[in-house]
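Everything below concerns the one structure shown next.
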Protein chains: 2
Amino acid sequence: MQRAGLKRTAQRDLIVDVFLRTEDHLSSEDLYHLVKAQDPTIGQTTIYRTLKLLTEAGLASEVRLGDGRTRYEPNNKFPHHDHMICTGCGRTVEFFSAEIKRLLDGIAAEHEYEPKQHSLRIFGVCADCRRERNERAEIESSVETHVHLDYARAAK
Amino acid sequence: MQRAGLKRTAQRDLIVDVFLRTEDHLSSEDLYHLVKAQDPTIGQTTIYRTLKLLTEAGLASEVRLGDGRTRYEPNNKFPHHDHMICTGCGRTVEFFSAEIKRLLDGIAAEHEYEPKQHSLRIFGVCADCRRERNERAEIESSVETHVHLDYARAAK
DNA sequence: CTCAATGCAAAGTATTTGCACGCTC
DNA sequence: GAGCGTGCAAATACTTTGCATTGAG
């Protein structure tokens, strides 16, 4: 599986095993905690190094969702997809559009670039967060109204 | 120009002036050096803070080109565009596709997201770097050939 | 037995924050 | 004059690196 001059160790087995099972976009730290639950002696560094190796080997992909950290997803599930990220709750939707891919390849060809990879993220507000936002706006505006009523004269 | 409770200072004037003139994607540090050339007393922190303000005010956009740092571009030139980045030399091509935008909006609508922004980057190898890479490959293969010829027997 | 892998601590990098002072408004 | 803006140093957050030890091949 990862034979390319690489050694197989108990740590790597465990990390890869845990990692490939996940559906989420794990940060190195997330994975560290998950793995540590099964082997408390594991070190952060090993996780970082293993994720890097997996990425280089094409088994994992780096994903940046907007918080500072690098997240990873296993490549064994879907071949490629992009992400739509809710800026309210962080929820992500994965999507793939062959049509977009085609357009991107066209753009690359136009400028004589050999496309290797792309990163496409849509940032927006999901339905739930929109609803929540509207509710909050209602509450706030009613509060403001009260304030105006109570202190309008005092303010002047 | 930046009246929204913000004060106008000599530092901000200078930073904004230098920044809006540039065509490049400047990192905070890049801009720091450029500004420092004209006012050696300026501090890094002020650059960070001003770029953040400009971004919040919609006058600048953050761009991540793949090296660790956050880069910025003025918004006064082109309304919106995406980037294609050469992984060899870092050269970038800016492009915009209304068709892609349309597709993205469709995807967002499909999942009931209200799209706010997107980030689209194509990573690839530009024509120059491809040429250079090929030339290097030729040299290396000829070197290898020599080695084989000279040491083939010794190696066995 | 050799050299890659590990874990710890320390170092790096990029950015942010606390704070005293100075300058706009 | 009040409070935002500035510059410095220190703090933070994430990731990488140096090094001695362990373990796989």
Side-chain angles (χ1 to χ4, degrees), chain A residues 1-19 24-57 59-73 90 155, chain B residues 1-19 24-57 59-73 90 119:
Chain A
M1 190 192 211
Q2 54 173 196
R3 306 300 177 78
L6 298 182
K7 282 180 184 170
R8 181 168 183 178
T9 66
Q11 290 93 327
R12 283 184 180 171
D13 278 355
L14 178 59
I15 294 170
V16 170
D17 184 59
V18 172
F19 177 63
D24 298 333
H25 304 104
L26 297 181
S27 67
S28 188
E29 203 182 350
D30 295 337
L31 186 56
Y32 174 56
H33 291 309
L34 287 177
V35 171
K36 190 152 195 164
Q38 297 191 232
D39 173 5
T41 71
I42 204 108
Q44 274 264 36
T45 313
T46 304
I47 310 285
Y48 273 107
R49 285 193 277 230
T50 305
L51 283 171
K52 201 174 170 190
L53 283 173
L54 288 173
T55 304
E56 282 163 8
L59 295 168
S61 294
E62 299 186 348
V63 194
R64 299 203 168 253
L65 261 29
D67 56 350
R69 67 205 74 195
T70 307
R71 295 176 171 280
Y72 294 85
E73 59 189 12
Chain B
M1 188 192 212
Q2 54 172 195
R3 303 302 177 77
L6 298 182
K7 283 180 184 170
R8 182 170 181 177
T9 65
Q11 290 92 328
R12 283 183 180 170
D13 278 355
L14 179 58
I15 294 170
V16 170
D17 184 59
V18 171
F19 177 63
D24 297 334
H25 304 104
L26 297 181
S27 67
S28 188
E29 202 181 353
D30 294 339
L31 186 56
Y32 174 56
H33 291 309
L34 287 177
V35 171
K36 190 152 197 165
Q38 297 190 231
D39 173 4
T41 72
I42 203 108
Q44 275 264 35
T45 312
T46 304
I47 308 284
Y48 272 109
R49 285 193 275 230
T50 305
L51 282 172
K52 202 175 171 188
L53 284 173
L54 289 173
T55 303
E56 282 163 8
L59 296 169
S61 294
E62 299 187 348
V63 195
R64 299 204 168 250
L65 262 29
D67 56 351
R69 67 204 77 195
T70 305
R71 296 175 171 280
Y72 295 84
E73 59 187 12
S119 154

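Residue numbers begin at 1 in each chain, while the letters A, B, ... track the order of the sequences.
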side-chain N/O [X] vs [N] OP1/OP2, d < 4.0 Å:
| X | N | answer |
| --- | --- | --- |
| A:Q11 | C:dG7 | yes |
| B:R8 | C:dT24 | no |
| A:T9 | C:dA4 | no |
| B:R12 | D:dG5 | yes |
| A:T46 | C:dG7 | yes |
| B:Y48 | C:dT15 | yes |

TODO: With a 4.0 Å heavy-atom cut-off, tell me which residues in residues 30-43 of chain A come close to DNA chain C, sorted by residue number.
DONE: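 Of all residues in residues 30-43 of chain A, the ones placing a heavy atom under 4.0 Å from DNA chain C are A:T41, A:I42, A:G43.
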
Task: Side chain of B:K7 - closest among D:dC4, C:dA14, D:dG7 - done: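 Looking only at side-chain atoms, B:K7 lies closest to D:dC4.
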
Measure from [atom1] on [X] to [atom2] on [N] and round the result to the nearest Å.
| X | N | atom1 | atom2 | result |
| --- | --- | --- | --- | --- |
| A:K52 | D:dC14 | NZ | P | 18 Å |
| B:R64 | D:dC14 | CZ | C1' | 12 Å |
| B:D67 | D:dT15 | CG | C1' | 15 Å |
| A:E29 | D:dA13 | CD | P | 10 Å |
| A:I47 | D:dT16 | CD1 | P | 13 Å |
| B:L53 | C:dT16 | CG | P | 11 Å |
| B:Q44 | C:dT16 | CD | C1' | 12 Å |
| A:D13 | D:dG25 | CG | C1' | 15 Å |

- [ ] Measure across B:R69 and B:S27 and return the closest heavy-atom pair with its distance rounded to 0.1 Å.
- [x]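 Scanning both residues completely, I find the closest heavy atoms to be CD-CB, 3.5 Å.
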
TODO: Heavy atoms only: give me the nearest B:E73-B:F19 pair and the separation to one decimal.
DONE: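 Scanning both residues completely, I find the closest heavy atoms to be C-CZ, 3.5 Å.
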
Task: Validation row: A:E62, A:Y72 side chains within 4.5 angstrom (heavy atoms) - done: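 Counting from C-beta outward, A:E62 and A:Y72 do come under 4.5 Å.
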
- [ ] Determine the contact category for A:T70: base if any of its heavy atoms lies under 4.0 Å from a base atom, sugar-phosphate if only primed atoms, P, OP1 or OP2 are that close, otherwise nothing.
- [x]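 The residue A:T70 makes sugar-phosphate contact but no base contact.
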
- [ ] Measure from the side-chain N and O atoms of A:R8 to the backbone N and O of A:D13, and report whether any donor-acceptor pair falls under 3.5 Å.
- [x]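 No, the answer is negative, given that no donor and acceptor are paired below the 3.5 Å cut-off.
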
- [ ] Examine the side chains of A:R64 and A:T70 and answer whether a donor and an acceptor come within less than 3.5 Å of each other.
- [x]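 Indeed, the side chains of A:R64 and A:T70 share at least one donor-acceptor pair under 3.5 Å.
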
TODO: For B:K36, enumerate each residue passing the side chain to side chain donor-acceptor pair (under 3.5 Å) test, keeping only those at least two apart in sequence or located in another chain.
DONE: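 So B:K36 forms a side chain to side chain donor-acceptor pair (under 3.5 Å) with B:Y32.
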
TODO: Please confirm whether any donor atom in the side chain of A:R49 sits under 3.5 Å from an acceptor in the base of C:dG7, or the reverse.
DONE: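 Under the 3.5 Å cut-off, the side chain and the base do form a donor-acceptor pair.
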
TODO: May I ask you to decide whether B:R71 forms a salt bridge with B:D24, counting only side-chain N to carboxylate O separations under 4.0 Å?
DONE: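 The answer is no: the pair does not qualify as a salt bridge.
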
